[in-house]
Amino acid sequence: MSRLEDLTVREALALVLARFAVLPAEEVALLEALGRVSAAPVVAGDDLPPFANSAMDGYALRAADLAAATRDAPALLRVVADIAAGTNPTTAIGPGTAARIMTGAPLPPGADAVVPVEDTDEPWRDEARALPERVAVYRRVDAGAYVRWPGEDIRAGQTVIPAGHLIRPQEIGVLAALGQERVSVVRRPRIGVLSTGDELIDVGQPLSPGKIRNSNSHAQAAQVIALGGEPLLLGTAKDTADDVRARLDTAVAAQVDLLISSAGVSVGAYDVVKSVLDEAGGVAFWRVRMRPGKPLAFGAYRGMPYLGLPGNPVSALVSFETFARPAILKMSGHDQLERPRVVAVVGENLRSDGRESYLRAVVSREATGGYVARTTGSQGSHVLTSLVKANALLIVPEGVREVAAGTALVALMIDWPGGVF
Ligand code: AMP
Ligand code: MG
């Protein structure tokens with residue numbers, strides 16, 4: 001007989017997370033790294049910018065030549081070169097001379113500053129415009145004005161991205177600028193997804209008496225994909241020990257990092273998943289004091305981490321959210337394992353059964369500031385549409401049975417409300 005342990009959500013989560021470590025690294029092409037976590041520090045091989053260049057379309061010159069320049073008494077300089085971005089200027093800028101220069105073009109030798117075109121009598125950016133022989137400059141600037149110096153952003157040898165850092169579009173930009181075509185990131189977790197139950201038919205099948213379509217396999221696979229993992233769909237096992245065992249063994253052979261099943265872990269007469277796991281040993285059955293949720297199986301099946309979710313679709317989604325999501329994020333190298341939380345004032349009277357409850361709710365930001373939470377309808381664990389309407393799970397703490405409108409509760413944001421912050 002399996003042990004039946006009573007656990008709080010916090011206790012159960014701690015036991016789950018303790019079983020997972022960050023997965024090994026792999027090298028991927030630059031864009032494949034998006035959303036992944038760096039597995040090694042990235043050290044710059046070059047300075048960025050690599051050379052001194054102009055921050056403006058304007059004229060490169062010597063600041064000393066402008067010491068007395070004003071709008072009424074401009075400095076008149078001879079234009080000796082035209083420097084487009086991507087070229088390598090060789091003409092030196094001597095006293096009394098200037099070069100027309102475009103943003104990002106290298107500062108020519110001898111120049112120590114740039115004056116924007118707006119501060120000259122040649123305020124055109126059009127490169128097709130003929131190069132003037134002279135330019136009048138209406139103001140003085142300090143040496144170094146509008147010049148971007150080499151290494152201002154990044155110095156060669158500097159660590160620009162530490163290990164364990166989330167690769168977002170801005171990190172992709174830095175990596176591209178540094179010429180990193182490949183990036184070492186934490187491998188994606190592979191997650192086996194198994195559904196069980198004689199009542200289940202495939203998505204493409206017509207309904208027949210007593211049957212429902214298997215929604216969990218797809219919902220949990222989608223949850224895995226949304227987290228950057230790779231689902232391995234193991235199909236629907238019949239309520240027979242042989243079928244359940246065969247499919248679990250397929251997952252073992254495929255060496256998944258975690259196997260998730262739904263249904264068959266409570267105490268129903270046909271809950272064969274439980275008996276198969278009992279016989280293999282290594283999996284504990286928990287009664288987690290949460291709603292929706294409660295029955296949860298966790299441990300290892302033939303050495304493979306195993307999480308058995310309840311069968312009801314909302315219970316499966318919320319239990320995944322609560323236990324599988326943080327485990328998958330941890331394996332993927334993330335350190336932020338929790339959803340953002342806000343404190344929201346409840347807009348109605350609520351009832352609970354004393355278990356820690358995750359109520360499907362919409363949290364919105366009021367014009368006056370502050371968040372308000374309203375539940376989205378039936379909280380039955382088979383009612384998917386109230387989760388479809390929700391952007392948050394509103395937490396009613398353990399031991400609380402009644403919540404009066406106006407009470408402040410913590411909401412876990414599964415999406416973020418629109419509006420001004
Ligand atoms: P069980 O844990 O087997 O008692 O299942 C609890 C409830 O969840 C039952 O109403 C099942 O029909 C339903 N259920 C189980 N697995 C799935 C699934 N893969 N897709 C949709 N509903 C399911
Ligand atoms: Mg069943």
Side-chain angles (χ1 to χ4, degrees), residues 2 4-7 12 191-226 231-248 250-251 256 258-279 283-299 301 306-325 353 355 357-358 360 378-388 390:
S2 54
L4 256 184
E5 278 181 79
D6 248 318
L7 296 172
I191 316 292
V193 178
L194 176 66
S195 282
T196 63
D198 283 344
E199 74 278 33
L200 301 177
I201 55 173
D202 286 340
V203 183
Q205 280 343 129
L207 288 174
S208 54
K211 305 292 185 189
I212 58 168
R213 295 195 183 94
N214 173 0
S215 64
N216 289 353
S217 280
H218 303 280
Q220 269 71 78
Q223 287 182 302
V224 168
I225 293 169
L232 172 67
L233 286 167
L234 298 163
T236 308
K238 292 279 164 216
D239 283 324
T240 68
D242 281 349
D243 198 12
V244 169
R245 205 179 294 114
R247 288 172 195 273
L248 292 178
T250 306
V256 296
L258 168 65
L259 173 57
I260 291 173
S261 71
S262 60
V265 294
S266 50
V267 289
Y270 297 94
D271 285 346
V272 293
V273 178
K274 189 159 185 282
S275 50
V276 169
L277 294 170
D278 267 342
E279 148 204 309
V283 173
F285 292 83
W286 296 342
R287 269 193 309 242
V288 182
R289 298 204 289 276
M290 71 184 290
R291 185 177 70 120
K294 191 163 159 181
L296 197 73
F298 182 68
Y301 174 81
Y306 181 90
L307 182 64
L309 306 175
N312 274 304
V314 175
S315 307
L317 278 151
V318 172
S319 298
F320 181 108
E321 175 68 33
T322 310
F323 301 108
R325 181 179 184 275
D353 69 354
R355 279 183 286 168
S357 296
Y358 294 76
R360 285 148 262 173
S378 168
Q379 299 289 321
S381 56
H382 60 298
V383 179
L384 272 172
T385 49
S386 49
L387 192 51
V388 167

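Only heavy atoms go into these numbers, but all of them, side chains included; no hydrogens, no water, no symmetry mates. Order of appearance sets the numbers: ligands from 1, and atoms from 1 within every ligand.
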Check each atom of ligand 1 against the heavy atoms of S195 and keep those under 4.0 Å away; list them by number with element. 19 (N)
Using a heavy-atom cut-off of under 4.0 Å, does the side chain or the backbone of I212 touch ligand 1, or both, or neither? side chain
Which is it for L387 and R360 under the side chain to side chain contact (heavy atoms under 4.5 Å, CB included) test, yes or no, and what are the steps along the way? CA-CA 6 Å; L387 192 51; R360 285 148 262 173; 3.7 Å; yes
Can you find an N/O atom of L200 closer than 3.5 Å to an N/O atom of ligand 1? no
Look at ligand 1 and say whether S215 reaches it with a heavy atom at a distance under 4.0 Å. yes
Proximal atoms of ligand 1 relative to N214 (non-hydrogen, under 4.0 Å): 18 (C), 19 (N), 20 (N)
Option nearest atom 5 (O) of ligand 1 (shortest heavy-atom distance, choices S315, G311, S261, P310): G311
R289 side chain to K294 backbone, donor-acceptor under 3.5 Å: no
Show which side-chain atoms of residues 216-226 pair as donor or acceptor with protein atoms under 3.5 Å away, not counting sequence neighbours.
| unit_1 | atom_1 | unit_2 | atom_2 | d |
| --- | --- | --- | --- | --- |
| N216 | ND2 | S262 | OG | 3.2 |
| N216 | ND2 | G311 | O | 2.7 |
| S217 | OG | S195 | OG | 2.8 |
| S217 | OG | N214 | ND2 | 3.0 |
| Q220 | NE2 | Q223 | OE1 | 3.1 |
| Q223 | NE2 | L317 | O | 3.2 |

Should you measure from each heavy atom of G264, which atoms of ligand 1 turn up under 4.0 Å away? 1 (P), 2 (O), 3 (O)
Are G197 and ligand 1 in contact, using a heavy-atom cut-off of under 4.0 Å? no
When you look for heavy atoms under 4.0 Å from ligand 1, do you find them on the side chain of A263, its backbone, both, or neither? both
Got a donor-acceptor contact below 3.5 angstrom from the S357 side chain to the D353 backbone? no
Find the distance between CG (L296) and CG (L309) and round it off to the nearest 0.5 Å. 6.5 Å
Has R287 got a side-chain atom pairing as donor or acceptor with P295's backbone, closer than 3.5 angstrom? no
So the salt bridge (charged side-chain N to carboxylate O under 4.0 Å, His left out) pairs with at least one residue in residues 205-223 (sequence neighbours excluded) are none
Is there a polar contact between ligand 1 and N312, counting only N or O atoms under 3.5 Å apart? yes
Best match, N216, D239, V273: closest heavy atom to atom 18 (C) of ligand 1: N216
Sidechain-backbone polar pair: R355 side chain, M290 backbone, donor-acceptor under 3.5 Å: yes
